[in-house]
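Index from 1, following the sequence.
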Amino acid sequence: MDIRDLTADDLDAVLDNRKRAFGPLSGGDAETWRQMVAPLLPEGRYIGAFDGSRLVATARINAYTQWWHGRPMSMAGVAGVTVSPEDRGRGVGRLIMRATIDRAAELGHVVSALYPATTPLYRGMGWEHAGGLNRATLPTETLRALGTGGADVKLRRMGPDDAPELIATMGRVYASTRASGPLCYDERTWRLWLADDDDFCYIADDGFVIYRWSGKDIEVDGCVAGSEATTRALWSLVGTASSIAKSVTACIEPQDPLLWLIRERSQDEIRQTRWMFRLIDLPAAVARRGFPAGVSLDAVVHVEDAQRPSNSGSWRLEVSAGSGTATAVADGGAERGPTFTVGGLSALFAGVPTATLRRTGLVTGGSAEDDEALDSAFRCAAYMIDYF
């Protein structure tokens with residue numbers, strides 16, 4: 001089995017594998033998919049496993065920015081993972097994912113995330129459940145009523161040329177709210193999405209909303225706002241469809257301010273799609289992550305990562321004044337603290353508490369004091385509002 005970069009000549013075979021894995025795309029969606037992936041090919045972001053000349057498996061590595069406690073870092077968004085039906089059960093999935101991890105590192109990504117179609121494969125390669133994408137369904141009329149307090153916010157329509165401003169707005173809001181987990185596409189991808197005539201896109205000084213019709217109701221891809229006034233203005237704009245649309249389905253934060261602004265909230269209808277997370281470059285990820293300004297940490301942990309040996313070994317984790325470092329130390333000795341699988345440490349990085357990790361075998365050894373210190377430093381509610 002050979003692993004190599006995919007080219008434009010392979011895309012028909014890739015689409016065939018994709019159809020067998022996930023179902024067919026419509027003609028329009030297939031064309032959008034080609035426009036999206038074509039620029040990735042010369043960058044080495046789409047790889048395939050071949051048995052002779054026959055394409056057996058694929059994986060795509062999207063270039064995203066992801067925020068952790070308000071600070072951005074380079075994230076490999078893994079998608080398009082397929083194995084042809086006749087080759088499943090031969091270990092091809094592990095082969096393509098091992099190559100994906102190596103390629104993500106070569107491309108300079110320090111962390112990785114994916115939405116799993118199957119958990120065991122990815123867990124066995126070091127990804128672990130971390131955060132969720134939350135979809136809330138709300139009465140449209142409830143949103144329309146939020147207009148009070150947001151009337152003075154200036155909104156305007158967005159198009160492809162607004163991609164740089166949209167990206168900058170996201171960065172400001174995620175930094176100020178100390179967000180953990182949300183991602184941003186690159187400018188090229190945003191231009192593609194903002195050109196979609198079926199999407200309604202509006203931007204303010206400190207927020208934006210993107211929504212569309214879904215049958216006779218409304219679907220919101222994302223609404224990001226940095227203030228109460230902008231939150232009210234954007235959501236009430238969506239609510240102006242209440243004469244036709246009876247409900248709105250929206251991707252929201254776990255503690256989205258919308259849920260505290262709507263007048264009537266006696267029962268939530270929220271569905272969650274889980275995503276998995278993996279550290280690619282442990283010391284770089286810790287150095288680029290934000291941490292609570294009032295928390296200090298000095299702990300030694302041992303990490304086991306069979307796929308990325310450079311992550312394995314003992315590390316001194318230090319946090320102060322909102323920043324952190326991970327420094328390799330001599331293995332073993334009196335300072336040896338808890339031992340994490342790479343999946344366990346990835347989950348901790350994403351805010352999963354050590355009590356959960358211990359009861360699933362993802363961390364062993366160490367002390368209760370270690371656990372409390374690590375929990376205090378890495379605590380967050382990781383989320384995304386984008387599916388990829």
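With respect to the salt-bridge test (charged N to carboxylate O, under 4.0 angstrom), the residues Arg54 and Glu86 qualify. A salt bridge is absent between Glu31 and Arg34; no separation between the charged side-chain nitrogens and carboxylate oxygens falls under 4.0 Å. A salt bridge links Arg20 to Asp16: at least one charged side-chain nitrogen sits closer than 4.0 Å to a carboxylate oxygen. A salt bridge is absent between Asp281 and Arg308: the closest approach of a Lys/Arg side-chain nitrogen to an acidic carboxylate oxygen does not fall below 4.0 angstrom. Salt bridge present: Glu128 and Arg123 bring a charged side-chain N and a carboxylate O closer than 4.0 Å. Between Asp199 and Arg212, at least one side-chain nitrogen of the basic residue sits less than 4.0 Å from a carboxylate oxygen of the acidic one, meeting the salt-bridge criterion. The pair Asp2-Arg4 does not meet the salt-bridge criterion, since no charged nitrogen lies less than 4.0 angstrom from a carboxylate oxygen.
Figure legend: Arg178 and Trp68 shown without cation-pi pairing, the cationic atom not lying both under 6.0 angstrom from the six-membered ring centre and within 45 degrees of its axis. Annotation: cation-pi pair Arg157/Phe200 absent, no NZ/CZ under 6.0 Å from the ring centroid and within 45° of its normal. Remark: Arg172 is not positioned above the aromatic ring of Tyr174, lacking an NZ or CZ atom under 6.0 angstrom from the ring centre and at most 45 degrees off the axis. Geometrically, Arg274 does not engage Tyr115 in a cation-pi contact defined by less than 6.0 Å to the ring centre and at most 45° from the axis.
No side-chain heavy atom of Val295 sits under 4.5 Å from any side-chain heavy atom of Arg379. At least one side-chain heavy atom of Met384 sits less than 4.5 Å from a side-chain heavy atom of Leu183. Within the 4.5 Å cutoff, the side chain of Leu6 has heavy atoms near those of the Val14 side chain. Inter-residue side-chain proximity for Asp221 and Asp386 is flagged as unmet; no heavy-atom pair is nearer than 4.5 Å. With a 4.5 Å cut-off on side-chain heavy atoms, Arg316 and Leu297 do not count as touching. In this structure, Trp315 and Val300 have side chains that are not in contact, with every pair of non-hydrogen atoms separated by 4.5 Å or more. Between Arg71 and Arg289 there is no side-chain heavy-atom pair separated by less than 4.5 Å.
Leu155 and Leu143 fall within a single hydrophobic cluster, where Ile, Leu, Val, Met, Phe, Trp and Tyr are joined by side-chain heavy atoms under 4.5 Å apart, directly or via other members. Using a 4.5 Å cut-off between side-chain heavy atoms of Ile, Leu, Val, Met, Phe, Trp and Tyr, with links allowed through other members, Val81 and Tyr387 fall into different hydrophobic clusters.
For Phe388 and Tyr64, the gap between ring centers is short of 6.0 Å.
The aromatic rings of Phe349 and Phe277 lie parallel to each other, with less than 30° between the two planes, well short of the 60° mark.
Of the candidates Ile3, Thr58, Ile47, Leu95, Ile47 is the only one forming a side-chain contact (heavy atoms from CB on, under 4.5 Å) with Thr100.
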